[in-house]
Amino acid sequence: MNDMRIVEREVETKAVKISARNCQVYYGETHAIKDVNIDIEDKTVTAFIGPSGCGKSTFLRCLNRMNDTIDVARVEGEILLDGEDIYDPKVDPVQLRAKVGMVFQKPNPFPKTIYDNVAYGPRIHGLAGNKADLDVIVEKSLRRGAIWDEVKDRLDAPGTGLSGGQQQRLCIARAVATEPEVLLMDEPCSALDPIATAQVEELIDELREQYSVVIVTHSMQQAARVSQKTAFFHLGNLVEFGETGQIFTNPQDPRTESYITGRIG
Amino acid sequence: MPVLWIVLIVLALGGVGYMLGRRRAMASADGDVRHLHSLPTYYGSNVALLTIAPALLFMGLWLLMQPILIERQIIGLIPESAIAEGSSRSLVMSDVRRVAEGLDTAVAQGAMTPDQADSIRTEFTDVRERLGRVGVALGSNVRPEVLRAAQHYRGLQARYSAIMTVLVLAVAVVGFGYSYLQTTKDFRARNVVETGIKSLLILASTIAILTTVGIILSMLFETRNFFSQYSWTNFFFGTTWSPSFSGRGGASQLGILPLLWGTLYISVVALLVAVPIGLFAAIYMSEYAGPKMRAIAKPLIEILAGIPTIVYGLFALITVGPMLRDYFAQPLGLGESSASVMTAGVVMGIMLIPFVSSLSDDIINAVPQSMRDGSLGLGATKSETIRQVVIPAALPGVVGAILLAASRAIGETMIVVLGAGAAARISLNPFEAMTTVTVKIVSQLTGDTDFASPETLVAFALGLTLFVITLGLNVLALYIVRKYREQYE
């Protein structure tokens with residue numbers, strides 16, 4: 001098991017990509033995220049773990065302002081991407097989301113062809129000058145999504161016709177096609193079987209070379225397998241944040257220990 | 001006995017059956033519900049159901065059959081000589097019915113005793129005058145054969161009603177007795193009641209379906225009569241519509257093409273108005289409007305759907321028509337008429353807006369939020385998301401909504417009568433008066449009609465053609481919706 005070796009994992013300090021300072025989120029009257037401070041590093045996989053309803057997905061959605069689509073949600077505090085406040089009125093959430101891509105819990109390919117699914121982002125942002133460029137981007141993205149070999153002969157087939165695991169890798173390919181700097185993943189494997197999960201996890205590990213990846217997961221094994229840093233959320237608080245190896249073997253907070261040993265959650 | 005009384009008696013019997021069935025079931029289980037197979041109400045319902053349903057069904061069938069049976073017996077009583085020149089047996093029959101009803105009224109008002117009604121003779125009494133006194137106006141003097149047939153008619157009616165009363169009550173009592181005796185604690189009352197309820201539901205849907213079949217059949221028969229008098233090639237490919245009215249001589253030209261052209265032209269104009277406005281309104285409502293705005297605006301749009309079409313017709317006649325004529329048709333030199341394809345099309349389009357918008361709104365709302373999130377998460381703007389993801393995903397449903405709106409436009413009559421006029425014509429000028437299939441159906445069937453002439457029967461051929469077209473559109477709409485539905489499920 002990978003879990004056994006996590007202590008030996010090499011850890012190096014990298015540049016901070018996203019940092020949150022005193023971040024609060026309210027859903028109407030509910031105080032969903034309380035005073036979260038966190039520094040997410042570049043070229044690192046950061047896992048958010050915690051029991052259901054602890055706010056980890058909510059916080060994730062703050063990082064690319066997806067909470068803007070929810071009327072009652074309100075965000076306070078600072079979230080800096082490369083030192084710039086993403087909630088500054090000058091920032092266009094549309095441009096921000098091009099830089100901070102997102103993969104959702106349930107695979108959500110558009111009812112279009114596989115090709116058009118991947119080409120969607122590049123087309124919107126005008127990343128390709130011509131059809132040939134676009135072909136290159138689509139192939140590269142599908143390769144990076146580790147699904148190229150399975151779909152290269154049927155790029156014109158509808159994306160919704162793929163299996164669940166393939167759909168999710170298609171969605172990842174679609175997200176990387178816009179060349180984001182950060183990739184947010186909200187429980188990307190919860191709808192997948194173990195084999196598809198393994199493929200996606202392998203993919204996440206490869207993506208780390210170029211992106212900062214933030215993954216929300218319910219599976220502590222998954223967090224331990226894929227991440228270098230782990231943040232534990234509980235009841236809207238960021239309880240503990242540190243090296244994955246340290247969180248799983250030597251948690252500082254009693255709540256973290258209770259959760260990873262299965263006593264709460 | 002009047003039908004209402006029979007129904008009440010049967011229902012009362014059912015009510016009593018419910019109480020007794022329940023009580024008997026409880027008694028058979030020594031008062032302990034747990035020993036029963038079903039809950040006590042099921043035993044009661046079983047008795048009530050078996051008492052009421054067969055009796056009322058039987059009565060319904062009987063009431064359907066009774067006039068046919070009576071008529072068959074009476075019709076033999078009318079001698080060939082009683083049928084005047086240019087008349088027919090069925091006309092005499094309706095005289096008979098009318099006199100019989102007159103006698104009923106006279107008896108009911110006390111102007112005649114029942115005995116008198118049965119025994120009066122035209123030879124001794126002026127029946128027309130006596131019936132006129134109680135408010136029954138007859139067109140001509142009553143002939144003795146007709147009076148006798150009418151008296152016989154009344155006699156038969158009374159006899160059949162009495163037989164029916166007895167039989168219906170007997171059916172109810174037998175149903176009651178049978179189900180009451182069935183009731184023991186091991187009887188599976190719940191299963192029987194469930195089956196019974198299912199059968200009633202099936203019966204209801206069967207009646208709906210049979211009605212449709214009946215409508216189609218009646219149209220088919222009349223259409224066949226029409227085509228036996230008028231050649232189908234002239235009907236389907238004729239480009240002139242000029243019916244000559246019966247008696248005035250000259251052959252009619254009954255070509256459907258000018259009418260179909262008018263129908264399609266007006267429908268296309270209506271859809272050109274309704275689809276963009278309706279669709280954009282739906283997009284605004286479902287994607288942009290806040291909950292408050294939505295709560296106010298949606299019902300307001302739907303009020304449009306509640307306006308009777310005749311009111312739209314008035315609007316077309318006095319407002320839109322003259323306006324289009326004064327500001328468009330005359331300055332552009334396209335026509336002088338306020339009744340035009342444009343007028344009817346625009347007003348009909350307004351009528352269809354709520355139809356398109358509320359169906360499209362539902363369909364757009366049914367597109368999963370995850371699609372929108374996916375697109376927004378890639379950095380698409382709201383309008384890009386709507387254009388490239390939401391609308392394509394909702395497209396099959398929207399197309400279905402549009403086709404349904406189209407079949408309504410094709411069937412619309414009132415707005416066309418008042419807005420587009422009644423001149424059958426094939427022309428490209430949208431400011432000219434034209435007319436549609438439905439309007440011509442109405443005008444062919446209004447006034448004195450002779451159901452043997454092709455001028456009248458053509459209405460059925462027109463109706464059937466229209467029916468086939470709208471049916472085709474509906475089937476196409478359903479096919480499209482079904483075929484693409486699974487795309488985002």
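Proteins come first, then strands; the chains are lettered A, B, ... in the order of their sequence lines, and each starts at number 1.
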Show me the side-chain donor-acceptor pairs of residues 401-409 of chain B shorter than 3.5 Å, one per line, residues at least two apart or across chains.
{"residue": "B:S407", "atom": "OG", "partner": "B:L404", "partner atom": "O", "Å": "2.9"}
{"residue": "B:S407", "atom": "OG", "partner": "B:N474", "partner atom": "OD1", "Å": "3.2"}

Which bit of [X] is near chain B, if near means a heavy-atom gap under 4.5 Å: side chain, backbone, both or neither?
X: A:V103; result: neither
X: A:F110; result: both
X: A:P109; result: backbone

Looking at residues at least two apart in the chain, or sitting in another chain, which of them share a side-chain hydrogen bond (donor to acceptor under 3.5 Å, both in side chains) with B:T385?
B:S375
Might you work through the side-chain hydrogen bond (donor to acceptor under 3.5 Å, both in side chains) test for B:N365 and B:S286, ending with a clear yes or no?
CA-CA 6 Å; B:N365 274 329; B:S286 55; 4.7 Å; no
B:E194 and B:R190 ion-paired at < 4.0 Å:
no
Could you tell me which of A:M102, A:M66, A:R61 has the largest number of non-hydrogen atom pairs under 4.5 Å with chain B?
A:M66
